[in-house]
Protein chains: 2
Amino acid sequence: MNKRSGEVGKDETKDRIMLAAESLFAERGFMSVSLRDITTEASANVAAVNYYFGTKDALIDELIIQGNHPLMKARMQLLDDAEKRYQIGVVPAEVILDAVMRPMLTLLEQQGERREVYCKFMGRCMTERGNNLPVPVMRAAQRLIKRLSRMLADALPDMEPEVLAWRVHFCFGVLGHTLMHDELLREVTKGASGTPDFETTLQRMIDFCKGGLNAGSSANLVSSGSQGTFLF
Amino acid sequence: MNKRSGEVGKDETKDRIMLAAESLFAERGFMSVSLRDITTEASANVAAVNYYFGTKDALIDELIIQGNHPLMKARMQLLDDAEKRYQIGVVPAEVILDAVMRPMLTLLEQQGERREVYCKFMGRCMTERGNNLPVPVMRAAQRLIKRLSRMLADALPDMEPEVLAWRVHFCFGVLGHTLMHDELLREVTKGASGTPDFETTLQRMIDFCKGGLNAGSSANLVSSGSQGTFLF
DNA sequence: GTCTATAAAGAGATAGAC
DNA sequence: GTCTATCTCTTTATAGAC
């Protein structure tokens, strides 16, 4: 209770439960893991989850907050830094995108052997819990998006704000999908996707999103019924 | 059993179950919906699911196959068409991307009032079942990816096949995330994302992915430790 | 094909001894 | 803080009457 957050790993029951729960949720999803699965994996008693967290949902929320808070904080910090560096001019879109994406890598590097767990868990947060995030995470997301929108509107003044909002959304889609489905890619390409490390993958995501963010728009150039003939 | 697939909507128990199940799965996810939820919604008896499908998983698989088969078929058809049209030269990357994305819209338009259900259900398939797809869907995905890879390698001969594989993966990430999380976007942007129709959103996805697919690569230009100073 | 009734297993949660 | 034991509810699945 009065420990600094992030100070995990002491062999205390609560920490063991959180580590076990994070791994199992990452691997199998929130709904397919029972409290018994968790306490068994954590070598704890069934009643322990209830003692420490109250309910299963409260445990999930605590894990999501614990996983997301440092990420949001690091993103905001990088945006602060960027604004300081570009006090004279405008922060370029690429720098803004970098501030969103790169903290994922930085945090990953702090995870040691738990990198894959962290990736998948954060992916689950985005894909399976996107509509049911804990209030503080939701609020943090809103603050981030609001700030991103303002900064990107300055960087890309010719782009409609609505289009911008969707493109940012697409970037998060790339991130979430990538965090979750590396095995799917490996299976579906039968190995042609290689086994790149996280840094390489992150850089590829950034490249892709950068291209997407800056892409030309063909809005209103296409109407329905044109499929198969319209060639961009 | 001896009905043509796609011939739904006759007020038969089996069809009512499939429609109800698709809606509920789309809305709440596969693991959070019980057979009782489904049969209640479908005004059918609890035992009916077992009678018609055997198990809950068999029902899920049948729905996933039913949802994915026409999509895969339409994509392959558009790739066929494109190859015919470009017999002399090479099919441009944009046309290939279009063949992957646009069938989603075409099929959507056939869904009438069930558009949103179809969107979310297909999104769930990609995000929640990506690692556990029915064998025929997995095979179809492999065939599609293999073909895409060959065609895109011709269209973008300077791009490494591995990078290409990941960029295609990113495109599917954009699609899946968008299908699932329109409300999340609305909530997180507090309305700034507007309420575009599906066509507009699809066109925005295509624009974005087109930019991403063609983006310049900064592979090997960045090494770790450079975050915050490297500016693209 | 549709129903009731029920089996068998598993879920989350809690009371109360230690 | 940790344990056993148990409550209560829900789940999937099936047997057997109609």
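Every chain is numbered from 1 and lettered A, B, ... according to where its sequence line falls, protein lines coming before strand lines.
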Cation-pi between R204(B) and F170(A): NZ/CZ under 6.0 Å from ring centre and within 45° of the ring axis?
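No, R204(B) does not lie over the aromatic ring of F170(A).
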
Output yes when at least one side-chain N/O atom of [X] is less than 4.0 Å from OP1 or OP2 of [N], else no.
| X | N | value |
| --- | --- | --- |
| S34(A) | dG10(C) | no |
| T13(A) | dT2(D) | yes |
| N45(B) | dT4(C) | yes |

Tell me the interatomic distance from [X], atom [atom1], to [N], atom [atom2], rounded to whole angstroms.
| X | N | atom1 | atom2 | value |
| --- | --- | --- | --- | --- |
| K14(A) | dG1(D) | NZ | C1' | 13 Å |
| I38(B) | dT10(D) | CD1 | P | 17 Å |
| I60(B) | dT11(D) | CD1 | C1' | 14 Å |

Answer yes when E62(B) and K14(B) have at least one side-chain N-carboxylate O distance shorter than 4.0 Å, and no when they do not.
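A salt bridge links E62(B) with K14(B).
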
Report the relative orientation of the aromatic rings in H177(B) and H169(A); use parallel for angles under 30°, tilted for 30 to 60°, perpendicular for over 60°.
tilted

Apply the salt bridge (charged side-chain N to carboxylate O under 4.0 Å, His left out) test between D80(B) and each candidate in R75(B), K73(B), R147(B); give the one that qualifies.
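For D80(B), the salt bridge (charged side-chain N to carboxylate O under 4.0 Å, His left out) check succeeds only for R147(B).
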
Check every strand shown and say whether Y51(B) touches a base, only sugar-phosphate, or nothing at a heavy-atom separation below 4.0 Å.
base

Categorize F53(B) for me: base, sugar-phosphate, or nothing, with a 4.0 angstrom heavy-atom threshold over every strand shown.
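It contacts nothing in the nucleic acid.
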
Ignoring hydrogens and angles, answer whether the base of dG10(C) and the side-chain atoms of R36(A) contain a donor-acceptor pair closer than 3.5 Å.
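Flag unset: no donor-acceptor pair detected.
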
